[in-house]
Amino acid sequence: MRIVIAGAHGRIARELGRLMAADGHDVAGLIRNPDQAADLEADGVAPVVLDLENSTLEDVVQVLTGAEAAVFAAGAGPGSGAARKDTVDRAAAVLLADAAEQAGAGRFLQVSSGGLDAVRGGARPESMDEVMYAYLVAKLAAEEDLMARSQLDWTIVRPGILTNDAPIGLVELAPEVNRESIPRADVAAVLAELLKTGNGVHQALGLVSGTTPIPDAVQALQPGR
């Protein structure tokens, strides 16, 4: 399988790239910073320098042509302001989905966020700062855009509180989960299993550490259709 990962130098995305490359898949990773290319090459991932904030649809379609799957794991990151939450966490996700449709890359995984219910009403909770509000609003808008697409076999994954702890391989993966933590490496392993099985199509799934081995948790989801 040929897979294109956006945000490929992030912790979750790098681990996903390593897992899929080690399994024999052809993986390309989109990065903004060319200095990161050597890291991806060491992982067995082909680096593609492409800034989704400043690229045309045609640019992205060209990269995705021939791919069977795309993964949006990009994010504006800590320290970025409200404006970049929109241009990366929403607009870049929409651009990648548009390109996946045009290129025929039918499988699409999107890494989203827990806590979106807090902003569904459109008003910012008093306890939430402006940047976090902008981030959650952007993630919600990206989800809503993807859910409306019929040409993509999409799956949305909403991880809980991310940690850099060692993976445990045990998760809870379901439409509704408690707001708990999960190691980034376990998120990557779930994404890899979703890609390999094709399960979870047209589902938005919460993901936290739990008691079910990752292959069993993914196998319990509905297969692709």
Side-chain angles (χ1 to χ4, degrees), residues 5-16 29-33 35-36 49-57 59-60 70-100 108-149 154-165 172 174-188 190-191 203-209:
I5 304 173
H9 200 262
R11 290 189 182 100
I12 292 171
R14 275 199 74 184
E15 180 63 18
L16 173 61
L30 305 187
I31 51 175
R32 290 193 310 141
N33 183 354
D35 292 341
Q36 298 169 343
V49 180
L50 184 76
D51 181 359
L52 289 174
E53 287 182 276
N54 296 288
S55 296
T56 66
L57 177 60
D59 292 334
V60 188
V71 180
F72 185 81
S80 58
R84 289 204 68 227
K85 302 304 184 189
D86 183 70
T87 57
V88 178
D89 292 283
R90 181 197 61 80
V94 171
L95 177 61
L96 191 71
D98 285 342
F108 196 98
L109 302 188
Q110 185 157 292
V111 180
S112 187
S113 173
L116 298 185
D117 286 343
V119 300
R120 288 188 190 278
R124 175 161 65 93
E126 291 184 7
S127 60
M128 185 179 294
D129 67 53
E130 180 183 356
V131 174
M132 177 55 73
Y133 177 69
Y135 169 75
L136 293 176
V137 166
K139 286 295 190 186
L140 179 60
E143 283 196 7
E144 290 173 343
D145 173 84
L146 188 57
M147 289 176 178
R149 297 176 186 265
W154 54 263
T155 303
I156 294 167
V157 176
R158 300 168 177 155
I161 301 164
L162 295 169
T163 75
N164 293 324
D165 295 342
E172 182 181 359
E176 299 293 335
V177 298
N178 292 326
R179 185 73 168 143
E180 304 291 345
S181 65
I182 184 167
R184 286 177 170 85
D186 281 336
V187 177
V190 167
L191 295 173
Q203 293 191 54
L205 301 164
L207 174 61
V208 294
S209 292

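For Ala204, the side-chain contact (heavy atoms from CB on, under 4.5 Å) partners are Met147, Ile156, Arg158, not counting sequence neighbours. For Asn54, the side-chain contact (heavy atoms from CB on, under 4.5 Å) test picks out Asp51, with sequence neighbours left out. Applying the side-chain hydrogen bond (donor to acceptor under 3.5 Å, both in side chains) criterion to Asp59, with sequence neighbours excluded, gives Thr56. Scanning for salt bridge (Lys or Arg N to Asp or Glu O under 4.0 Å) contacts around Arg184 gives an empty result, with sequence neighbours left out. When the salt bridge (Lys or Arg N to Asp or Glu O under 4.0 Å) test is applied to Asp98, the partners found at least two apart in sequence or on another chain are Arg149. Scanning for salt bridge (Lys or Arg N to Asp or Glu O under 4.0 Å) contacts around Glu172 gives an empty result, with sequence neighbours left out. Listed by chain and residue number, Leu50, Leu52, Ser55, Leu64, Leu95, Leu96, Ala99 satisfy the side-chain contact (heavy atoms from CB on, under 4.5 Å) test with Val60 (two or more places apart in sequence, or in another chain). Partners of Gln36 according to the side-chain contact (heavy atoms from CB on, under 4.5 Å) rule, which considers only residues two or more places apart in sequence or in another chain, are His9, Ile31, Asn33.
Without hydrogens or angle criteria, Asp129 side chain to Val131 main chain gives a donor-acceptor distance under 3.5 Å.
Taking every heavy atom of both residues into account, Phe72 and Ala92 meet most closely at CE1-C, 3.6 Å. Residues Tyr133 and Pro125 approach most closely at CD1-CD, 4.4 Å, considering heavy atoms. Between Gly29 and Ala8 the shortest heavy-atom distance is CA-CB, 3.3 Å. Residues Ala93 and Phe108 come closest through the heavy atom pair O-CZ, 4.2 Å. Closest approach of Leu136 to Gly114, counting heavy atoms only: CD2-O, 3.8 Å. Nearest heavy-atom pair, Ala13 versus Ile5, reported as atom, atom and distance to 0.1 Å: CB-CG2, 3.8 Å.
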Per-pair distances, 0.1 Å, donor-acceptor, side chain in residues 81-89, under 3.5 Å, sequence neighbours excluded:
| from | atom 1 | to | atom 2 | distance (Å) |
| --- | --- | --- | --- | --- |
| Arg84 | NE | Glu53 | OE1 | 3.4 |
| Arg84 | NE | Glu53 | OE2 | 3.3 |
| Arg84 | NH2 | Glu53 | OE1 | 2.5 |
| Lys85 | NZ | Gly77 | O | 3.0 |
| Lys85 | NZ | Ser80 | OG | 2.9 |
| Asp86 | OD1 | Arg90 | NE | 2.6 |
| Asp86 | OD2 | Arg90 | NH2 | 3.1 |
| Thr87 | OG1 | Glu53 | OE2 | 2.6 |
| Thr87 | OG1 | Arg84 | O | 3.4 |
| Asp89 | OD1 | Lys139 | NZ | 3.3 |
| Asp89 | OD2 | Ala76 | N | 3.4 |

Listing, residues 116-124 side-chain donor-acceptor contacts under 3.5 Å, not counting sequence neighbours, or none:
| from | atom 1 | to | atom 2 | distance (Å) |
| --- | --- | --- | --- | --- |
| Asp117 | OD1 | Arg120 | NE | 2.6 |
| Arg124 | NH1 | Met128 | O | 2.7 |

Do Val187 and Leu207 pass the side chain to side chain contact (heavy atoms under 4.5 Å, CB included) test, and can you show the C-alpha distance, the side-chain angles, and the key distance before you say yes or no? CA-CA 8 Å; Val187 177; Leu207 174 61; 4.0 Å; yes
Leu109 vs Val157, side chain to side chain contact (heavy atoms under 4.5 Å, CB included): CA-CA, chis, key distance, verdict: CA-CA 7 Å; Leu109 302 188; Val157 176; 5.9 Å; no
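Contact of the Pro175 side chain with the Leu205 side chain is registered, since non-hydrogen atoms from C-beta on lie closer than 4.5 Å. Contact check for Leu162 versus Ile182: side-chain heavy atoms found under the 4.5 Å cut-off.
Atoms CG and CD1, on Leu191 and Ile12 in that order, are 7.0 Å from each other to the nearest 0.5 Å. Taken to the nearest 0.5 Å, the OG atom of Ser112 stands 8.0 Å off from the CG atom of Leu140.
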